[in-house]
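Before any comments, here is the structure.
Values below: every heavy atom of this structure, side chains too, minus hydrogens, waters and symmetry copies.
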Amino acid sequence: MSTPTRTWQGPSAPDRLALLRRTRSIAIVGASNNPARASYFVTTYLLSSSPYDVYLVNPRETEILGQPVYPSLDALPVVPDLVDVFRRHDDLPTVLDETLAVGAPALWLQLGSWHEDVARRGEAAGLTVVMDRCVKIEHARFHGGLHLAGFDTGVISSRRELT
C-alpha cells in the first residue's frame, strides 16, 4: 500500500519556537502510566525540564507520575494553550473537535501522527497546528538540551571526549 502524498505544510522552525515560547500550559491527550509509552516519556520531560503547566488527559487513568488525570479536555481546570495528542489516527478528528470546543489555540500531533483533514480544519478554525513532531524534542532542541538519544548530557562542545 502506498503512502498518501503529504501536501499540508506545517509551521516553520521559528514559528514552532514562537509557539513554544508563548505556551504556558500543555494538555497531553492520551497520557499513559506505562513507562514504555512515548507519552509517559514526554510527560516526564515536560514535568521535570520545562516551564509548562502540564495537564494529563485519559479517561482510564486517575493519576500519572503523581499528577491528576482528567477524563477529557473539557474537564480541565484551565483552557490549555497547547493540546499535545498521543492518540490513534482515527481518533484525531474527535480530538480536534474537543480542542475547538474548549477554545485551545494550538493542536500538536506527535511523531507519526499525520492527518491532513484535521490540519486543514484546525487551521480554518484559527488553530496553530503542528503534526509529526515531538514537543519534547522540539523544546529540547530549541533550548540546547538535545542529545542524539534525547537526553541532556550537559556537554556544550560538539567534540566527543576521547577515552
Side-chain angles (χ1 to χ4, degrees), residues 10-11 13-115 118-119 122 125-156:
D15 290 337
R16 291 191 309 274
L17 174 58
L19 171 61
L20 291 175
R21 284 187 172 160
R22 70 178 173 263
T23 294
R24 297 292 171 251
S25 60
I26 296 177
I28 299 179
V29 174
S32 175
N33 207 16
N34 180 347
R37 295 278 209 192
S39 64
Y40 185 91
F41 188 63
V42 169
T43 299
T44 301
Y45 172 84
L46 291 176
L47 288 172
S48 67
S49 302
S50 80
Y52 307 120
D53 294 327
V54 179
Y55 298 91
L56 308 177
V57 178
N58 184 329
R60 293 183 300 279
E61 299 284 349
T62 57
E63 184 178 292
I64 296 172
L65 294 166
Q67 302 295 311
V69 180
Y70 299 89
S72 61
L73 285 173
D74 65 357
L76 295 177
V78 301
V79 174
D81 296 319
L82 188 148
V83 175
D84 186 18
V85 185
F86 290 88
R87 295 286 302 274
R88 294 178 324 171
H89 179 82
D90 293 344
D91 296 335
L92 299 177
T94 301
V95 176
L96 169 63
D97 293 340
E98 293 169 1
T99 300
L100 293 170
V102 300
L107 180 68
W108 189 299
L109 305 183
Q110 277 294 324
L111 283 174
S113 290
W114 189 270
H115 199 300
V118 164
L127 291 181
T128 299
V129 178
V130 177
M131 293 195 299
D132 197 20
R133 294 202 177 263
C134 177
V135 167
K136 180 246 177 274
I137 291 171
E138 294 289 286
H139 180 270
R141 181 168 75 101
F142 292 135
H143 294 88
L146 187 62
H147 174 268
L148 187 58
F151 299 99
D152 182 356
T153 63
V155 176
I156 297 173

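- The OG1 atom of Thr44 sits 10.5 Å away from atom NZ of Lys136, with the distance rounded to the nearest 0.5 Å.
- The heavy-atom pair separating Ser49 from His139 by the smallest distance is O-CE1, 3.5 Å.
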Per-pair distances, 0.1 Å, donor-acceptor, side chain in residues 93-104, under 3.5 Å, sequence neighbours excluded:
residue: Asp97; atom: OD1; partner: Arg121; partner atom: NH2; Å: 2.5
residue: Thr99; atom: OG1; partner: Val95; partner atom: O; Å: 2.8

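- Listed here is the closest heavy atom pair of Val42 and Cys134: CG2-SG, 3.8 Å.
- Within the 4.5 Å cutoff, no side-chain heavy atoms of Val29 are placed close to those of Asp84.
- Here the shortest heavy-atom pairing between Pro80 and Pro105 reads O-CD, 3.4 Å.
- The shortest heavy-atom contact between Ser113 and Met131 is O-CB, 3.7 Å.
- Checked against side-chain hydrogen bond (donor to acceptor under 3.5 Å, both in side chains), Arg87 has the following partners two or more places apart in sequence or in another chain: Asp91.
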Requested in this report: Given side-chain contact (heavy atoms from CB on, under 4.5 Å), test Leu65 with Leu56 step by step and report yes or no.
Outcome: CA-CA 10 Å; Leu65 294 166; Leu56 308 177; 5.8 Å; no
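- Annotation: the span from Leu107 atom CG to Leu82 atom CG amounts to 8.0 Å, rounded to 0.5 Å.
- Evaluation of the salt bridge (charged side-chain N to carboxylate O under 4.0 Å, His left out) test over residues 40-54, restricted to residues two or more places apart or in two chains, returns none.
- Within the 4.5 Å cutoff, the side chain of Val135 has heavy atoms near those of the Gln110 side chain.
- Side chain of Tyr52 to backbone of Leu20: a donor-acceptor contact under 3.5 angstrom is found.
- Leu46 places a side-chain heavy atom less than 4.5 Å from the side chain of Ile28.
- Summarising the geometry of Pro11 relative to Val130, their closest heavy-atom pair is CG-CG2, 3.8 Å, with the distance given to 0.1 Å.
- Annotation: side chain to side chain donor-acceptor pair (under 3.5 Å) contacts involving residues 55-69, sequence neighbours excluded, are absent.
- Residues satisfying the side-chain contact (heavy atoms from CB on, under 4.5 Å) criterion with Ser72, sequence neighbours excluded, are Asp74, Ala75.
- Screening residues 30-40 for side chain to side chain donor-acceptor pair (under 3.5 Å) gives no qualifying pairs among residues at least two apart or on separate chains.
- For residues 69-108, the pairs satisfying ring-ring contact (aromatic ring centres under 6.0 Å, His included) are His89-His115, with sequence neighbours left out.
- Residue pairs meeting the salt bridge (charged side-chain N to carboxylate O under 4.0 Å, His left out) criterion with at least one member in residues 15-28, sequence neighbours excluded, are Arg16-Glu138.
- Contact between Ala27 and Val57 at its shortest, heavy atoms only, is CB-CG2, 4.5 Å.
- Judged by distance alone, with hydrogens and angles left aside, the side-chain atoms of Asp132 form a donor-acceptor pair with the main-chain N or O of Gly112 at under 3.5 Å.
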